[in-house]
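Just so you know, these numbers use all the heavy atoms, side chains as well, and skip hydrogens, waters and symmetry mates. None of these values were measured; they are calculated from a predicted model.
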Amino acid sequence: MKFEKLNLPLEGNRIEVEDGQLRVPADPIIPFIEGDGIGPDIWAAARRVLDAAVAKAYGPKRRVHWFEIYAGGKARDRYGEWLPHDTLEAVRHYMVAIKGPLTTPIGGGYRSLNVTLRQELNLYACIRPVRYFEGVPSPVKRPDLVDLIIFRENTEDVYAGIEWREGTEKCRKVIEFLNREMGCSIPADAAIGVKTMSARASKQLVRKAIRFAIERKKPSVTLVHKGNIMKYTEGAFKEWGYQVAKEEFPEYTLTEEEAGKLGDAAPKSKVIVKDRIADSTFQQILVRPSEYSVLATPNLNGDYLSDAAAAQVGGLGIAPGANVGDTTAVFEATHGTAPAYAGQDKVNPGSLILSGAMMFEYMGWLEAADLVVEGMQDAIKGRRVTYDLARQMEGAVTVKCSEFADAIIARIRDSN
């Protein structure tokens with residue numbers, strides 16, 4: 001594989017796909033994007049933690065060969081563009097990558113770099129696990145009851161970016177067509193956006209969520225939608241979701257209605273598929289979070305819900321995430337670039353570190369993944385944490401981003 005301006009590692013092999021499954025070598029080449037703003041700070045910390053976990057779990061038998069690729073500010077400086085072809089091709093070729101936060105350039109004509117990555121690579125599922133780490137400050141009484149995995153459709157909905165600015169000729173044409181041909185009454189000074197949801201994209205998202213629930217023995221999958229208002233988009237998302245469960249997983253799933261009719265006779269081994277209105281779900285994950293394990297949502301709902309759920313367990317600073325397609329996956333920090341803190345070695349690297357643990361789990365390196373999570377938990381219990389946690393924790397000592405990584409690494413190395 002040749003690239004225009006990338007320097008390939010001198011060692012390592014690519015992750016490949018065989019019969020639809022990843023085949024991970026002992027020395028995988030994994031592309032990374034540092035990111036903008038605080039990206040270099042948190043990536044430097046995360047990389048050391050991930051390497052320490054691999055060394056502890058496998059000794060010299062396994063090693064990651066990191067391969068820097070570019071997006072955002074560093075790509076602009078190197079290529080003169082924000083998301084070069086090299087970067088997309090590298091992720092396609094090497095299958096698994098990890099990235100820090102990216103800034104979308106200000107000004108007309110630029111789409112979100114994160115959205116573009118997801119759409120160009122067909123990373124149709126944004127997966128956001130939300131779990132509590134003992135000792136983390138929380139605004140709710142029982143954050144320990146929160147244990148959610150949110151599967152958010154990643155390519156459609158209003159995030160597809162199909163919209164027209166108010167007053168433009170294209171917007172005027174759309175308004176005239178809708179008013180004349182479709183019987184609408186849209187004012188002339190409106191801006192227009194199009195909300196798209198397809199059966200294909202919705203079904204592949206729900207399919208991935210149900211498979212995950214079956215493999216991990218999760219009790220339920222909840223289809224979250226606003227179908228009571230948007231009947232032909234979000235309502236269809238719900239119906240397509242039930243269709244996937246009924247047609248593709250009949251041996252493994254029951255609908256909530258079916259389980260209710262069976263009562264105590266309902267098999268405990270089956271995944272219950274149910275649906276909830278989006279605004280109700282916001283309330284439910286606050287007051288009854290233990291009733292929800294896997295959520296499958298359209299794009300916009302999933303964005304809101306994942307951040308709201310993360311707020312209950314410590315915030316985005318320790319919220320991991322991944323964008324996953326059929327075989328290609330990009331793991332990422334879920335927060336922004338925080339340019340005011342860039343280069344200060346100050347912010348919490350937990351989101352990117354835990355995203356790396358997700359990446360190891362995806363690769364089948366479960367021992368390394370467990371070490372990262374356990375190291376994070378032990379470091380938080382030790383109350384040597386970054387400022388975002390320390391200011392809310394009694395008796396905590398504020399440490400730098402790099403020092404928090406040091407604390408995690410020490411616990412990894414001392415683990416049995």
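Residue Tyr79 qualifies as enclosed at atom OH: its count of foreign heavy atoms under 6.0 Å is above 12. Taking a 6.0 Å sphere around NZ of Lys5, one finds it holds more than 12 heavy atoms contributed by other residues, nucleotides or ligands. When the shell of 6.0 Å around CD of Glu291 is examined, it contains more than 12 heavy atoms from other residues, nucleotides or ligands. Heavy-atom contacts from other residues, nucleotides or ligands closer than 6.0 Å to CZ of Phe282 number more than 12.
Phe3 and Phe67 have tilted rings, their planes meeting at an angle from 30° to 60° on a 0 to 90° scale. A parallel orientation is assigned to the rings of Phe360 and Trp365, their planes being inclined by less than 30° (bins at 30° and 60°).
Between Thr386 atom OG1 and Lys400 atom NZ the span is 13.5 Å, to the nearest 0.5 Å. Residue Leu316 holds its CG atom at 6.0 Å from CZ of Arg128, rounded to the nearest 0.5 Å. To the nearest 0.5 Å, the span separating CZ on Arg47 from CZ on Phe32 amounts to 5.0 Å. Ser415 contributes atom OG, which lies 7.0 Å from atom CD of Glu374 (distance to the nearest 0.5 angstrom). Between the CG atom of Asn301 and the CD atom of Glu153 there is a distance of 11.5 Å, given to the nearest 0.5 Å. The CD atom of Gln119 lies 10.5 Å from the CG atom of Leu123; values are rounded to the nearest 0.5 Å.
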Does the side chain to side chain contact (heavy atoms under 4.5 Å, CB included) test come out yes or no for Leu389 and Val136, once each step is laid out? CA-CA 7 Å; Leu389 298 179; Val136 171; 4.2 Å; yes
Determine, stepwise, if the pair Leu117 / Asn323 fulfils side chain to side chain contact (heavy atoms under 4.5 Å, CB included). CA-CA 9 Å; Leu117 267 171; Asn323 301 291; over 6 Å; no
Candidate pair Lys203 and Glu248, rule salt bridge (Lys or Arg N to Asp or Glu O under 4.0 Å), full reasoning: CA-CA 10 Å; Lys203 286 181 176 181; Glu248 300 182 28; over 6 Å; no
Between Arg216 and Glu361, does the salt bridge (Lys or Arg N to Asp or Glu O under 4.0 Å) criterion hold? Intermediate values first, please. CA-CA 12 Å; Arg216 305 300 176 88; Glu361 188 173 352; 2.6 Å; yes
Assess the residue pair Glu89 and Arg92 against the criterion (salt bridge (Lys or Arg N to Asp or Glu O under 4.0 Å)); give the C-alpha distance rounded to whole Å, side-chain angles, the decisive distance to 0.1 Å, and a yes or no. CA-CA 5 Å; Glu89 285 305 301; Arg92 289 189 181 103; 2.6 Å; yes
Side chain to side chain contact (heavy atoms under 4.5 Å, CB included) between Val271 and Ile210, worked out: CA-CA 8 Å; Val271 175; Ile210 293 176; 5.5 Å; no
As a quick check of understanding, evaluate side chain to side chain donor-acceptor pair (under 3.5 Å) for Asp345 and Ser402, giving each step before the final call. CA-CA 6 Å; Asp345 192 20; Ser402 58; 2.7 Å; yes
Please step through side chain to side chain contact (heavy atoms under 4.5 Å, CB included) for the pair Gln284 and Val224, ending with a clear verdict. CA-CA 12 Å; Gln284 293 292 302; Val224 182; over 6 Å; no
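Nearest approach of Arg411 to Ala379, heavy atoms of both residues: CD-N, 3.4 Å. Shown here for Pro9 and Ile29, the closest heavy-atom pair between the two residues is CG-CG2, 3.9 Å. Taking each heavy atom of Ile175 and Ile186 in turn, the nearest pair found is CG2-O, 3.7 Å. When all heavy atoms of Ser351 and Glu332 are compared, the closest pair comes out as OG-O, 4.3 Å. The shortest non-hydrogen separation linking Leu300 to Asp157 is N-OD2, 3.0 Å. When all heavy atoms of Ala53 and Leu371 are compared, the closest pair comes out as O-CD1, 3.6 Å.
Between His225 and Glu239 the shortest side-chain heavy-atom distance does not fall below 4.5 Å. The side-chain heavy atoms of Trp164 and Val194, taken from C-beta on, include a pair separated by under 4.5 Å. The side-chain heavy atoms of Asp303 and Arg152, taken from C-beta on, include a pair separated by under 4.5 Å. Between Ile69 and Leu6 the shortest side-chain heavy-atom distance falls below 4.5 Å. Counting heavy atoms from C-beta outward, Leu254 and Leu262 have side chains that approach closer than 4.5 Å. Annotation: side chain of Glu16 is in contact with side chain of Arg14 (closest heavy-atom distance under 4.5 Å). In this structure, Val385 and Phe404 have side chains that are in contact, with non-hydrogen atoms separated by less than 4.5 Å. Side-chain contact between Thr87 and Lys99: absent, with no pair of heavy atoms (C-beta onward) separated by less than 4.5 Å.
Residues that satisfy the ring pair (Phe, Tyr, Trp, His ring centres under 6.0 Å) test with Phe212, not counting sequence neighbours, are Phe151. Residues satisfying the ring pair (Phe, Tyr, Trp, His ring centres under 6.0 Å) test with Phe331, not counting sequence neighbours, are Tyr362.
Counting only distance, with no hydrogens or angles, the side chain of Arg391 and the backbone of Thr398 share no donor-acceptor pair below 3.5 Å. Remark: the backbone N or O of Glu156 is paired with a side-chain donor or acceptor of Asn299 at under 3.5 angstrom. Side chain of Thr334 to backbone of Ala319: a donor-acceptor contact under 3.5 angstrom is found. At distances below 3.5 Å, at least one donor-acceptor pair connects side-chain atoms of Lys231 with backbone N or O atoms of Asn228. With hydrogens and angles ignored, the 3.5 Å screen pairs a side-chain donor or acceptor of Ser138 with a backbone N or O of Val140. Looking at Tyr252, its side chain never comes within 3.5 Å of a backbone N or O of Ala213 through a donor-acceptor pair. In this structure, the side chain of Thr337 does not engage the main chain of Gly37 through any donor-acceptor pair within 3.5 Å. The main-chain N or O of Leu145 is never found under 3.5 Å from a side-chain atom of Ser290 such that the two would form a donor-acceptor pair. A side-chain donor-acceptor contact under 3.5 Å links Asp41 to the backbone of Gly343. In this structure, Gln377 contributes its side chain and Glu134 its backbone to a donor-acceptor pair below 3.5 Å.
Checked against Glu234 for a salt bridge (Lys or Arg N to Asp or Glu O under 4.0 Å), the options Lys195, Arg276, Lys226 give a single hit: Lys195.
Looking only at atom types and distance, the side chain of Asn154 has no donor-acceptor partner in the side chain of Tyr159 under 3.5 Å away. Defined by atom type and a distance below 3.5 Å, a donor-acceptor pair is missing between the side-chain atoms of Tyr70 and Asp77.
Cation-pi geometry between Lys274 and Tyr292 is met: under 6.0 angstrom from the ring centre, within 45 degrees of the axis.
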